[in-house]
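Since the structure comes first, as structure tokens, the remarks are kept for the end.
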Amino acid sequence: MAREISSVGVIGLGTMGAGIAEVLARSGVSVVAVEIDDDGVHRGRGHLEHSTERAVTGGKLDADGRSALLDRIRYTTSLTELSDVDLVIEAIPENLEAKSDVFAQLDKITGPDTIFVSNTSSLSITEIGVHTARPGKVVGMHFFNPAPILKLVEIVRTVVTEPEVVTDVVAFAERLGKTPVVIGDRAGFIANALLFGYLNHAVRMYEQRYATREDLDAAMRFGCGYPMGPLALLDLIGLDTAYEILDTMYHQSRNRLHAPAPLLKQMITAGLLGRKTGRGFYTYDEPDSPTVTDAVTKSVVDTVNTVDAVVPREVRKVGVVGTGTMATGIVEVFAKRGYEVILRARSAEKAAASVARVKKSLDKAVVKGRLSEEDAAAALGRISPAVEFEELTDVDLVVEAVAEDLAVKQAVFAALDDVVKPGAVLATTTSSLPVIECAAATSRPSDVVGVHFFNPAPVMKLVEVVSTIATAPDVIATVDAVCAAVGKHPVHCGDRAGFIVNALLFPYLNDAVKMLEAHYAEADDIDTAMKVGCGLPMGPFELLDVVGLDVSLAIQRTLFNEFREEGFAPAPLLEHLVTAGRLGRKTGKGFKDYSAR
């Protein structure tokens with residue numbers, strides 16, 4: 001039977017500590033709130049009064065409930081006032097020595113059964129716990145900011161934490177209305193360990209002038225459905241906070257991908273900490289404001305710098321090579337927007353089947369009220385099936401969307417080079433292969449560009465426009481104009497493995513697999529942490545199973561082969577599952593079992 005926890009001490013009344021105290025008091029728990037001095041108590045009380053007043057204004061709390069909540073909190077500057085509490089939550093700044101000293105003092109003040117909890121986001125619970133005579137009763141309880149709103153709580157057990165203590169703390173978190181996940185003790189726990197490696201990678205991309213801040217952020221919002229882009233999120237978190245978490249993770253993991261990007265230290269030294277100072281990667285109208293005031297930056301890709309001054313080529317007729325899901329989706333996108341489209345397939349039967357799939361998709365749109373019957377019929381009427389490459393002679397833009405096999409794509413580009421008129425733009429939809437290798441198969445590399453649509457193409461707004469060192473500026477301008485005409489959002493980047501989205505997404509997914517492989521946390525808990533704690537639409541294992549483990553492994557291998565980063569090496573567990581034929585939803589089993597669904 002779980003122990004009864006009716007009184008809790010909270011040490012530290014900054015934003016997080018005050019938020020935790022509010023969560024506890026709202027759930028009927030008596031709170032003894034401790035600060036270092038009277039000024040700290042005054043600030044902490046102000047945090048609580050302001051937060052609860054906003055809750056009343058927002059209709060989430062009534063006046064009587066607010067009064068009762070505030071009455072449950074007693075303030076003090078003395079740790080000795082915690083002698084009778086059942087559990088203590090430490091929420092002071094991220095300093096190992098300071099936290100250890102607090103726990104050593106508590107050890108002499110509280111009863112032997114009192115549970116000690118640290119709200120650290122990255123420090124070792126084991127190192128904190130050894131400064132007490134009760135390391136078995138020391139756990140981490142990492143709330144997320146703002147604590148009264150965010151549901152996730154990471155419960156961190158050490159190798160000596162007593163199992164019943166973990167059980168009691170999990171039950172307590174659930175009583176508070178939180179979603180607890182239990183994990184082992186390593187830097188960053190689940191959410192920060194996976195999130196901050198991804199954020200650091202985005203900073204390195206920006207630092208290397210691979211893509212603009214706007215394109216990096218838009219790519220992850222439109223391509224992955226993330227609520228915020230990585231650089232905007234870093235501004236919200238605070239660059240100094242991010243640096244401290246990354247530095248702590250690096251010193252524990254020695255993983256070079258956790259080593260803070262040099263740009264972070266430079267920006268911190270310059271006082272550019274993000275929203276809280278009014279300037280970070282973006283400039284805000286005032287400190288703590290979400291309103292961005294600085295102008296959109298120019299693309300840092302050399303061939304794109306002059307796009308605004310370049311006249312795009314005229315595109316009236318489009319060719320699409322391929323008959324798969326992506327190819328038919330692209331055909332539908334162009335046909336619905338008024339372009340004449342030639343769909344080239346290897347046989348008349350494949351061409352007919354692809355046109356039939358487009359018709360089925362258009363019919364669904366009609367049923368759902370997204371398209372009129374007349375517009376659907378007109379779109380279908382703009383599609384002409386073809387078998388011979390010669391039928392693409394007079395297209396203005398041709399989009400190759402065949403299998404992700406470089407030799408196959410090069411053969412297509414060589415055939416297109418022989419028949420397509422001069423001045424036509426030749427585009428590949430590859431998600432990971434070098435665009436320049438496709439361009440090299442032609443006599444017109446300046447006309448070749450990457451145009452990476454996302455699946456399903458009729459729905460997803462993002463298109464990654466990939467420039468090679470040979471791509472002409474008016475080709476980029478043409479693709480930008482076409483994207484605008486078909487309602488897509490283009491982002492620009494150079495020609496290297498993964499482009500933006502896959503280069504940021506798949507190392508994060510790979511890190512999640514390594515975390516599972518190390519028995520650090522369960523797949524469901526990792527998925528929950530990233531969805532509930534970070535607001536992501538899917539957890540990493542849900543997403544891997546949807547994408548397909550074989551596809552994910554191929555992309556991860558491509559990234560590793562290009563960058564030769566040890567941290568990009570595919571997780572052995574991913575390799576083993578693919579070898580065993582467990583590829584995700586399409587085979588019924590992947591990281592999860594779908595056979596009974």
Side-chain angles (χ1 to χ4, degrees), residues 121-122 144-145 188 190-247 249-250 255 257-268 272-276 279-284 290 292 294 296-297 299-301 454 461-462 464 489 491-494 496-512 529-531 533-540 543 559 563 565 567-568:
S121 62
S122 57
F144 284 69
N145 194 30
I190 294 177
N192 284 352
L194 295 179
L195 177 67
F196 279 88
Y198 149 74
L199 295 177
N200 198 39
H201 191 179
V203 177
R204 290 187 184 279
M205 277 189 178
Y206 179 70
E207 183 178 57
Q208 295 162 2
R209 299 193 173 189
Y210 177 65
T212 66
R213 60 187 186 179
E214 289 87 4
D215 283 352
L216 285 165
D217 283 351
M220 299 313 290
R221 286 189 294 110
F222 290 120
C224 297
Y226 284 12
M228 295 182 75
L231 301 184
L233 180 57
L234 279 164
D235 273 0
L236 177 62
I237 293 168
L239 274 61
D240 51 342
T241 301
Y243 185 92
E244 288 171 6
I245 292 171
L246 282 165
D247 195 49
M249 286 168 53
Y250 175 70
N255 183 342
L257 300 178
H258 294 156
L263 180 61
L264 282 175
K265 187 62 175 287
Q266 295 166 22
M267 293 178 72
I268 292 166
L272 310 180
L273 307 185
R275 285 194 191 182
K276 59 188 173 185
R279 188 177 170 196
F281 288 101
Y282 297 87
T283 300
Y284 303 87
V292 175
D294 52 347
V296 174
T297 59
S299 174
V300 293
V301 180
F454 283 71
K461 287 186 68 68
L462 185 69
E464 290 178 320
H489 185 105
V491 296
H492 302 93
C493 60
R496 70 184 198 188
F499 310 137
I500 296 176
V501 172
N502 285 350
L504 289 176
L505 177 65
F506 281 88
Y508 146 72
L509 296 176
N510 197 48
D511 283 348
M530 299 315 291
K531 288 190 294 181
C534 300
L536 304 189
M538 299 181 78
L543 182 55
L559 291 171
F563 297 106
E565 283 279 5
F568 286 0

**Request:** Over all heavy atoms of both residues, which pair between H489 and A218 is shortest? Give the atoms and the distance, please.
**Result:** NE2-CB, 3.6 Å
**Asked** Checking side-chain contact (heavy atoms from CB on, under 4.5 Å) for the pair V292/T283: CA distance, chi angles, key distance, verdict?
**Response** CA-CA 6 Å; V292 175; T283 300; 5.9 Å; no
**Request:** Please report the closest heavy-atom contact between K531 and M538, naming both atoms and the distance.
**Result:** CG-C, 3.7 Å
**Message:** Checking R221 now: which residues fulfil side chain to side chain donor-acceptor pair (under 3.5 Å) with it, not counting sequence neighbours?
**Reply:** none
Considering only distance and modelled atom types, tabulate donor-acceptor pairs under 3.5 Å from the side chains of residues 191-201, sequence neighbours left out.
{"from": "N192", "atom 1": "ND2", "to": "S121", "atom 2": "O", "distance (Å)": "3.4"}
{"from": "N200", "atom 1": "OD1", "to": "A261", "atom 2": "N", "distance (Å)": "2.9"}
{"from": "N200", "atom 1": "ND2", "to": "L257", "atom 2": "O", "distance (Å)": "3.0"}
{"from": "N200", "atom 1": "ND2", "to": "A259", "atom 2": "O", "distance (Å)": "2.8"}
{"from": "H201", "atom 1": "ND1", "to": "A503", "atom 2": "O", "distance (Å)": "3.2"}

**Asked** What distance do R279 atom CZ and M267 atom CE have between them, rounded to the nearest 0.5 Å?
**Response** 7.5 Å
**Asked** Taking the side chain as C-beta and beyond, is there a heavy-atom pair between L263 and Y206 under 4.5 Å?
**Response** yes
**Asked** What is the minimum heavy-atom distance between V501 and A219, and which atoms define it?
**Response** CG2-O, 3.5 Å
**Request:** Determine whether H492 and E214 make a side-chain contact, defined as any pair of heavy atoms from C-beta on separated by less than 4.5 Å.
**Result:** no
**Prompt:** Are Y508 and L536 side-chain neighbours, meaning at least one heavy-atom pair lies under 4.5 Å?
**Reply:** yes
**Complete:** Taken in chain and number order and not counting sequence neighbours, the residues that satisfy side chain to side chain donor-acceptor pair (under 3.5 Å) with E207 are none
**Asked** Does any non-hydrogen side-chain atom of K461 lie less than 4.5 Å from one of F454?
**Response** no
**Request:** Applying salt bridge (charged side-chain N to carboxylate O under 4.0 Å, His left out), run through D294 and R213 and close with a yes or a no.
**Result:** CA-CA 12 Å; D294 52 347; R213 60 187 186 179; 2.7 Å; yes
**Request:** Could you tell me which residues satisfy ring pair (Phe, Tyr, Trp, His ring centres under 6.0 Å) with F144, sequence neighbours excluded, listed by chain and number?
**Result:** H142
**Message:** Can you give me the closest heavy-atom contact between P507 and L559, atom names plus distance?
**Reply:** CD-CD1, 3.9 Å
Distance-only donor-acceptor pairs under 3.5 Å for side chains of residues 224-243, two or more places apart:
{"from": "D235", "atom 1": "OD1", "to": "F281", "atom 2": "N", "distance (Å)": "2.9"}
{"from": "D235", "atom 1": "OD2", "to": "F281", "atom 2": "N", "distance (Å)": "3.2"}
{"from": "D235", "atom 1": "OD2", "to": "Y282", "atom 2": "N", "distance (Å)": "3.0"}
{"from": "D235", "atom 1": "OD2", "to": "Y284", "atom 2": "OH", "distance (Å)": "2.7"}
{"from": "D240", "atom 1": "OD1", "to": "K276", "atom 2": "NZ", "distance (Å)": "2.8"}
{"from": "D240", "atom 1": "OD2", "to": "K276", "atom 2": "NZ", "distance (Å)": "3.0"}

**Request:** To the nearest 0.5 Å, tell me how far D217 CG sits from T212 OG1.
**Result:** 8.5 Å
**Complete:** Applying side chain to side chain donor-acceptor pair (under 3.5 Å) to Q266 and not counting sequence neighbours gives none
**Asked** Does the side chain of R275 reach to within under 4.5 Å of the side chain of P290, using non-hydrogen atoms?
**Response** yes
**Item:** L504 side, atom CG; L216 side, atom CG - distance, nearest 0.5 Å
**Value:** 6.5 Å
**Asked** Where is the tightest heavy-atom contact between F499 and G494, given as atom of each residue plus distance?
**Response** CD2-O, 4.1 Å
